[in-house]
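First the structure, in the form of structure tokens, and then the observations on it.
Naming convention: chains lettered A, B, ... in sequence-line order (proteins, then strands); numbering from 1 in each chain. Worth knowing before you read on, the calculation uses all heavy atoms, side chains too, and leaves out hydrogens, waters and symmetry mates.
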2 protein chains.
Amino acid sequence: MTKISSAPDLAARPRLRAASKRSLATSLSILDAAEILFAERGYDGASVRDIAAAAGAQIASVSFHHGSKEALFARVVERRAKELSRLRLEALAAAKARPGPLTLEAVLEAFLRPYLEKAGLHGSGAGDPQWLAYARLMAIVSADARWHAISERCFDPTAGLFIAEIARLFPKADTARIAVAFVFSVAAMLSLSTSRWRIHALSPTAPAAAGMDDLANGLVRFCEAGFRAALDG
Amino acid sequence: MTKISSAPDLAARPRLRAASKRSLATSLSILDAAEILFAERGYDGASVRDIAAAAGAQIASVSFHHGSKEALFARVVERRAKELSRLRLEALAAAKARPGPLTLEAVLEAFLRPYLEKAGLHGSGAGDPQWLAYARLMAIVSADARWHAISERCFDPTAGLFIAEIARLFPKADTARIAVAFVFSVAAMLSLSTSRWRIHALSPTAPAAAGMDDLANGLVRFCEAGFRAALDG
DNA sequence: GTCTATATGTAGATAGAC
DNA sequence: GTCTATCTACATATAGAC
């Protein structure tokens, strides 16, 4: 297994001038291919060679644009983290701006819906295949202690804000319990990316493509009820 | 990445006579080491060489006793699956034998407690390190479509029985919804093996070692409430 | 910035002596 | 059954021509 250094060099080398159009295209297609392959096969399972081949690039271009494999992985994860956080925080702000008191359901929706929508798990449209891969990638990062540092940088700050928001809704609840329920909810959310095959294996009658909205609504209801039960006791 | 064949040879070669004591010990120590390393690093991240070294065995012994790496992985997963299923089904039978009507909570407890207990996540004792590793391994198998076949053999039959039991408790509920809630619950359960570090990262005040029982009880309450909400609608 | 060629390490698997 | 030695393939990474 590759050793993970604690502070990877994120840039291959300092960029001295603006990159050309072609250079940018190469760099991007490498990121896209890496996103797909890391999501499909995991960090160790996806080779830089295969990533370069899938991107239609030379293997040396990968090092040139993104440095080490580890730095490439971090870049892939970081690339969409900001947008996802922005969508979640915007949804939270919108929920708070609505008249009437803020509800737990609204807070959970604000956190879960952007993920589900981007991953094509509900709403209209099939979903961007890159975002679909990214959704799986988040599950990989979340489940592996090796990527703790990346998770802390990319996801935990926003998660912390949502937990704080929920703590305001339940002033008497123990923060630790909120964090536990939050982790359960995230696990359930991510299972839609990693374990949809299991749902169909376990339920012969489960709708194949239809019922995506059902899945998404079911997730929110499941988590909200779970949260209330966890915080009431 | 290694290609996964659809029907791996599980035995290196047909066994013609009883194995010697030393042979059994070697075979076992390889399984134990593989369990730990696969759980820590994943299938691709753990090398057969490292497994052999950790077992204090030669690399050639691994092939001799367990065949290919893929077959070794399957054996490691299968080894404890039977015992876990037995514990779960015994707990379910005991719940049904108790006076009074069977409750959803009792069914979920019967499924979740054996896992939590074996993984050392609640109750007395620190938990067998081998079972702790196995609990992580189950998360790896569940999240990766590559191990679909193993999951189908080892875990889905028992899961199907529990789903059928829940379906009897909620005759009007859609089976597909039960399966979805079940997958959410399993994901939450497994997150206790893969994401406990996240709980502590998100909650500065979370109890470090204490509160294991809290975690376990919280899981059951979370899942039960989630189930009811998912099946009521 | 891109490409060829290569350096260097490690992977899984097995042949054959003991 | 175990052990040494080795085969072959593939991994990451980089040097240097263009």
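- Straight-line distance from the CD atom of B:Q58 to the P atom of C:dG16: 19 Å, rounded to whole Å.
- To the nearest angstrom, P of D:dA11 lies 18 Å from CG of B:D50.
- Between D:dG1 and B:S61, no contact under 4.0 Å exists linking OP1 or OP2 to a side-chain N or O.
- Rounded to an integer number of Å, the gap from B:I59 CD1 to D:dT8 P is 17 Å.
- Relative to the side chain of B:T26, the nucleotides C:dG12, D:dT2, C:dT14 differ in distance, and D:dT2 lies closest.
- Comparing C:dG1, D:dC3, D:dT14 by their nearest atom to the side chain of A:S63 picks out D:dT14.
- Residue whose closest nucleotide on DNA chain D sits further toward the 5' end, between B:G56 and A:V48: B:G56.
- Residue B:I51 contributes atom CD1, which lies 8 Å from atom P of C:dG12 at whole-angstrom precision.
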Item to check | Working for salt bridge (Lys or Arg N to Asp or Glu O under 4.0 Å), residues A:R113 and A:E117 | outcome: CA-CA 6 Å; A:R113 289 284 177 198; A:E117 236 164 77; over 6 Å; no
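- Rounded to whole Å, the distance from NE2 on A:H66 to C1' on D:dA13 is 15 Å.
- Within the 4.0 angstrom heavy-atom criterion, base atoms lie near B:R49.
- In this structure, A:R41 places its CZ atom 13 Å from P of D:dC10, rounding to the nearest Å.
- Checked options A:F111, A:F162, A:F155; the residue passing with A:F182 is A:F111 (criterion: ring-ring contact (aromatic ring centres under 6.0 Å, His included)).
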Checklist entry - Yes or no on salt bridge (Lys or Arg N to Asp or Glu O under 4.0 Å) for B:D128 and B:R80, after CA distance, side-chain angles and deciding distance? => result CA-CA 13 Å; B:D128 180 350; B:R80 301 194 197 279; 5.2 Å; no
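- A:K69 places its NZ atom 13 Å from the C1' atom of C:dA11, with the value rounded to the nearest Å.
- Note: CD1 (A:I30) to C1' (D:dA13) measures 14 Å, nearest angstrom.
- Expressed to the nearest 0.5 Å, how far CD1 of B:I51 lies from CD1 of B:I36 amounts to 11.0 Å.
- Of the candidates D:dT4, C:dT2, D:dG1, the closest approach to any side-chain atom of A:R22 belongs to C:dT2.
- Remark: side-chain polar atoms of B:R79 are not paired, donor with acceptor, to backbone N or O of B:R75 under 3.5 angstrom.
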